[in-house]
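The next block holds one structure in the form of structure tokens; read it before the comments.
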Amino acid sequence: MKKISIIDKIYSKKTISKIKSKIELLGDDCKYNEKEFLNIRLLGTILIFISFILFSKNGYIYAPLFSIVYYFLINYILLDYPIKKRGLELEHEAIFFFEILELTLESGKTLTQALETTAKNIDSNISKEFLKTLNEVKMGKSLVESLKNMKYRIPSESINNTILNVTESSIFGSNIIDSLNNQLEYLKNKQLMEVKGKIAKLPIKISVISVVFFIPILLLIILSPVILEFLLG
């Protein structure tokens with residue numbers, strides 16, 4: 001009989017499943033599961049609420065406010081931000097991985113053989129995900145089914161679209177190399193646009209730094225004689 005934890009009683013299956021799906025997107029390096037995360041979030045919220053009620057003069061105001069802030073902040077720090085960061089890292093790795101895969105396919109290997117050769121010879125997180133997929137194939141699943149299941153572990157729509165196109169090309173017998181090449185061009189263009197976007201934001205960041213640091217120093221230098229005269233009487 002399956003043991004029911006307190007988390008199962010507090011949260012709906014839909015909520016637990018949603019958190020589990022997010023944690024799967026963090027990969028094998030994630031040190032906690034969905035129930036541990038929900039415990040951390042719940043206990044932290046309760047402790048913050050009680051602490052402000054007991055030790056703050058205006059606790060009835062601050063307790064709900066800081067509890068809500070913690071509740072959403074812990075989601076961002078432990079789930080949303082790491083998922084976004086991992087997605088970007090996988091996209092950067094994907095370009096090199098798919099380029100090698102394309103060359104391997106051109107050598108005459110089947111898709112399964114090409115994936116296995118590429119994944120074993122490239123040390124990256126995306127290679128690990130493909131090796132996990134190939135292990136599922138060895139356990140009895142079809143390659144198509146295993147590749148489709150990868151989308152639940154990959155927090156990148158671009159990579160998932162590439163895998164989908166390769167999968168469909170394999171199913172319908174169209175040219176996998178052409179499909180892969182088109183997706184590679186898209187990934188490269190997307191990465192180029194991201195770099196251009198970062199470059200475009202540099203003047204704004206420099207302006208903010210100037211306002212925050214340099215202008216006050218400049219004003220201090222200009223006004224220093226007046227300040228010294230005032231202080232010295």
Side-chain angles (χ1 to χ4, degrees), residues 2-92 125 151-160 190 193-224 226-228 230-231:
K2 188 177 179 181
K3 187 177 179 181
I4 299 176
S5 67
I6 188 170
I7 291 298
D8 293 311
K9 295 179 180 179
I10 295 173
Y11 294 97
S12 66
K13 290 182 179 180
K14 184 179 179 180
T15 301
I16 296 172
S17 177
K18 184 179 179 181
I19 298 298
K20 183 179 179 181
S21 298
K22 285 191 173 186
I23 288 175
E24 285 179 353
L25 293 173
L26 292 173
D28 294 333
D29 293 334
C30 184
K31 305 300 182 185
Y32 45 87
N33 58 37
E34 66 277 9
K35 292 187 178 180
E36 288 170 342
F37 170 80
L38 288 169
N39 276 326
I40 292 170
R41 190 175 70 178
L42 178 62
L43 292 174
T45 304
I46 292 172
L47 285 173
I48 289 172
F49 188 88
I50 292 174
S51 297
F52 275 100
I53 288 293
L54 294 177
F55 303 111
S56 178
K57 184 178 179 181
N58 297 313
Y60 64 94
I61 296 175
Y62 295 131
L65 176 62
F66 282 94
S67 296
I68 292 171
V69 169
Y70 170 83
Y71 184 90
F72 288 102
L73 190 61
I74 198 72
N75 278 286
Y76 180 76
I77 293 173
L78 294 184
L79 293 179
D80 296 336
Y81 177 73
I83 287 171
K84 183 179 178 180
K85 183 180 177 182
R86 184 169 185 261
L88 293 173
E89 289 173 352
L90 288 175
E91 285 181 4
H92 292 155
N125 288 319
K151 68 180 180 180
Y152 300 112
R153 307 194 303 269
I154 304 292
S156 167
E157 188 176 346
S158 301
I159 296 176
N160 287 330
K190 183 181 178 185
M193 293 301 293
E194 287 174 359
V195 173
K196 287 182 177 179
K198 289 179 181 178
I199 293 172
K201 291 178 182 177
L202 280 177
I204 298 173
K205 291 181 179 179
I206 293 171
S207 299
V208 171
I209 292 172
S210 299
V211 170
V212 174
F213 294 102
F214 296 116
I215 291 179
I217 293 172
L218 185 61
L219 287 172
L220 183 62
I221 293 171
I222 294 172
L223 297 174
S224 57
V226 178
I227 295 171
L228 286 172
F230 175 77
L231 291 174

Greater than 12 external heavy atoms within 6.0 Å of [X]'s [atom1]:
X	atom1	result
K85	NZ	no
N58	CG	yes
Y62	OH	no
Y152	OH	no

I need the [X] [atom1] to [Y] [atom2] distance, nearest 0.5 Å.
X	Y	atom1	atom2	result
E36	L38	CD	CG	10.5 Å
F49	L54	CZ	CG	10.0 Å
I154	I83	CD1	CD1	12.0 Å
L78	L73	CG	CG	9.0 Å
D80	F72	CG	CZ	11.0 Å
I40	L43	CD1	CG	8.5 Å

Closest non-hydrogen atom pair, [X] against [Y]:
X	Y	result
G87	S156	O-CB, 4.1 Å
L90	P155	CD1-CD, 3.7 Å
I23	N33	CD1-C, 3.3 Å
S67	T45	OG-O, 3.6 Å
R86	L25	NH1-O, 2.7 Å

Exercise for review: Could you label the plane-to-plane angle of the F52 and F66 rings as parallel, tilted or perpendicular, counting under 30° as parallel and over 60° as perpendicular?
Suggested key: parallel
Validation row: [X], [Y] side chains within 4.5 angstrom (heavy atoms):
X	Y	value
N160	E157	no
Y11	I19	no
F37	N75	yes
L26	L79	yes

Practice item. Decide yes or no on side-chain contact (heavy atoms from CB on, under 4.5 Å) for K20 and E24, but give the supporting numbers first. Key: CA-CA 6 Å; K20 183 179 179 181; E24 285 179 353; 3.7 Å; yes
Study note, to complete from the structure: Of L47, I53, I46, the one forming a side-chain contact (heavy atoms from CB on, under 4.5 Å) with I50 is I46
